2 protein chains.
Amino acid sequence: MSEGLKKARTRFVSTWGEMASQWGINKTMARVHALLMASDAALSVDEIMAALSISRGNASMNLRALTDWGLVRRVSVGSERREYFQSEKDVWNMCCRIARERKKREIEPVIGALEECLREAGDGKESEAFRKRTAELLELVRTLDFVLGKLAQQEKNAVMPRVLTLLKAMS
Amino acid sequence: MSEGLKKARTRFVSTWGEMASQWGINKTMARVHALLMASDAALSVDEIMAALSISRGNASMNLRALTDWGLVRRVSVGSERREYFQSEKDVWNMCCRIARERKKREIEPVIGALEECLREAGDGKESEAFRKRTAELLELVRTLDFVLGKLAQQEKNAVMPRVLTLLKAMS
DNA sequence: TCATACTTTCAATATATTCTGAAAGTATGA
DNA sequence: TCATACTTTCAGAATATATTGAAAGTATGA
């Protein structure tokens, strides 16, 4: 493999890792994901361990997390016992899956907690300002939830193109 | 203050903190932000320190970060020397500011890095698959950047209502 | 059923991030 | 200018998070 391509792959893997850690995702999980995205063939655990210099346990945990997120699939190659892994290659599908998971894991619990805040605050004059602010925030989070839900709805996403058309028309 | 309201505020502050740490934001920064959002009056550093049981240095650093993000303002109260802090109260404005900052700090550097990957990969047959995938990802990230840019453009946001109308029509 | 070839788990360890608090810095008004 | 009343900084300490690797678990096919 050419030097340039090697460097480019390395940059790709570490860029994805850096980005992920700014968004609350484990850096190694993102590096594994990036490695699989950058690789045409499916990779075995041993290949992944070697490429990223990580332990078997670490690789196993992060591959499990990535399959839970629906970003990576296990595949069998020929008659081999060993399992191989490959990433979802369609970037829009990938985006949908991430949207779906973060909605479920993070946004929905926040909605529940904010609703609980409103209930707890009671209905006195004293808590009026707090209730108002909490209610506005709740509305905002619900809107975000709705948008993410739409984004996550379709595999071949039909929503984005239309949103983009609208946004571009507003320029 | 009623017990219920006290509990509700505490829940509000810790919910915001938990959520933030899942999104790559310092938990204390988010708790300070939540405290100010939940409070009608502007608060002094000492009040914030007491409410969250944090040190002066920690409070100072996080207030600085919040003002850099444009989420919190310093205000003077009467003729006092001491400074007070209050949060942006409009949740849509808040959302715009966050979008603007994350676009600038995180999305734009990733676009640069992906462009560099494409350049480094060269144009041989060997790197074709890698280039294709990187280019698709770059397009996705650019789209996200564009959408965030639109969202961040206006103070009183005119974009969201129209996007929502479109999405609701697609239900 | 058993030996084999693999995967997963988790306690101990390493690493990264955040927090503290005292010292340094800064602005105000007398 | 100086004393004062505050704010900021940053090295070291505390805490939280991620990683290792050996032991336990599991599936396969002979």
Side-chain angles (χ1 to χ4, degrees), chain A residues 13-36 42-69 71-86 105-106, chain B residues 13-36 42-69 71-86 105-106:
Chain A
V13 168
S14 69
T15 299
W16 215 236
E18 290 305 322
M19 190 184 72
S21 57
Q22 284 175 322
W23 288 87
I25 288 162
N26 183 303
K27 183 184 277 186
T28 301
M29 176 170 156
R31 292 201 305 146
V32 173
H33 186 211
L35 180 68
L36 290 171
L43 300 180
S44 69
V45 175
D46 292 80
E47 286 167 322
I48 293 166
M49 287 165 61
L52 303 179
S53 308
I54 60 174
S55 72
R56 189 170 294 285
N58 197 4
S60 173
M61 300 264 261
N62 283 299
L63 284 165
R64 155 71 93 106
L66 284 165
T67 48
D68 286 350
W69 276 68
L71 296 171
V72 161
R73 277 188 304 276
R74 323 175 80 88
V75 292
S76 299
V77 170
S79 60
E80 270 192 277
R81 178 105 137 240
R82 183 196 308 240
E83 300 199 85
Y84 286 77
F85 296 86
Q86 68 182 17
R105 296 174 191 218
E106 293 152 25
Chain B
V13 168
S14 69
T15 299
W16 214 238
E18 290 306 322
M19 189 183 73
S21 58
Q22 284 174 323
W23 289 88
I25 286 164
N26 183 302
K27 184 184 278 187
T28 301
M29 176 169 155
R31 291 201 305 145
V32 172
H33 185 212
L35 180 68
L36 290 172
L43 300 179
S44 69
V45 174
D46 292 78
E47 287 167 323
I48 294 167
M49 286 165 61
L52 303 179
S53 308
I54 59 174
S55 71
R56 189 169 294 283
N58 197 3
S60 173
M61 302 264 261
N62 282 299
L63 284 165
R64 155 72 94 107
L66 284 165
T67 48
D68 287 351
W69 276 68
L71 296 171
V72 161
R73 277 188 304 278
R74 322 174 81 88
V75 291
S76 300
V77 171
S79 60
E80 272 192 275
R81 179 103 139 242
R82 184 197 308 239
E83 300 199 84
Y84 285 79
F85 295 87
Q86 69 182 17
R105 297 173 190 218
E106 293 151 27

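Each chain gets a letter, A, B and so on, in the order the sequences are listed, and its residues count up from 1. If you're wondering where the values come from, they're calculated on a predicted model, not measured in any experiment.
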Nearest whole Å is fine: how far is [N] [atom2] from [X] [atom1]?
X       : N      : atom1 : atom2 : answer
B/Arg82 : D/dT4  : CZ    : P     : 18 Å
B/Asp68 : D/dT8  : CG    : P     : 11 Å
B/Arg64 : D/dC10 : CZ    : P     : 11 Å
A/Met49 : C/dC6  : CE    : C1'   : 12 Å
B/Glu80 : C/dA27 : CD    : C1'   : 16 Å

Distance (rounded to the nearest 0.5 Å) between [X] [atom1] and [Y] [atom2]:
X        : Y       : atom1 : atom2 : result
A/Phe85  : A/Glu47 : CZ    : CD    : 11.5 Å
B/Glu106 : A/Met19 : CD    : CE    : 9.5 Å
A/Ile25  : A/Leu66 : CD1   : CG    : 9.5 Å
A/Ile48  : A/Asn62 : CD1   : CG    : 10.0 Å
B/Asn26  : B/His33 : CG    : NE2   : 13.5 Å

Salt bridge (Lys or Arg N to Asp or Glu O under 4.0 Å) partners of B/Glu18, counting only residues at least two apart:
B/Lys27
Any side-chain N or O of B/Arg74 below 4.0 angstrom from OP1/OP2 of D/dT8?
yes
Among A/Leu43, A/Val32, A/Asp68, A/Asn58, which one satisfies side-chain contact (heavy atoms from CB on, under 4.5 Å) with A/Leu63?
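Testing A/Leu63 for a side-chain contact (heavy atoms from CB on, under 4.5 Å) against A/Leu43, A/Val32, A/Asp68, A/Asn58 leaves exactly one candidate, A/Val32.
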Give me, pair by pair, the N or O atoms of the protein and of nucleotides 18-20 of chain D that are less than 3.5 Å apart, along with how far apart they are.
unit_1: D/dT19; atom_1: OP1; unit_2: A/Thr28; atom_2: OG1; d: 2.3
unit_1: D/dT19; atom_1: OP2; unit_2: A/Thr28; atom_2: OG1; d: 3.3
unit_1: D/dT19; atom_1: OP2; unit_2: A/Asn58; atom_2: OD1; d: 3.4
unit_1: D/dT19; atom_1: O5'; unit_2: A/Asn58; atom_2: ND2; d: 3.4
unit_1: D/dT20; atom_1: OP2; unit_2: A/Ser55; atom_2: N; d: 2.7
unit_1: D/dT20; atom_1: OP2; unit_2: A/Ser55; atom_2: OG; d: 3.0
unit_1: D/dT20; atom_1: OP2; unit_2: A/Asn58; atom_2: ND2; d: 3.1

In this structure, which stretches of DNA chain C are paired as stems of three or more consecutive Watson-Crick or G-U pairs, both distances less than 3.5 Å?
C:1-30 with D:1-30
Can you find a pair of side-chain heavy atoms, one from B/Glu83 and one from B/Val45, that are under 4.5 Å apart?
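They are not in contact (no side-chain heavy atoms under 4.5 Å apart), so the answer is no.
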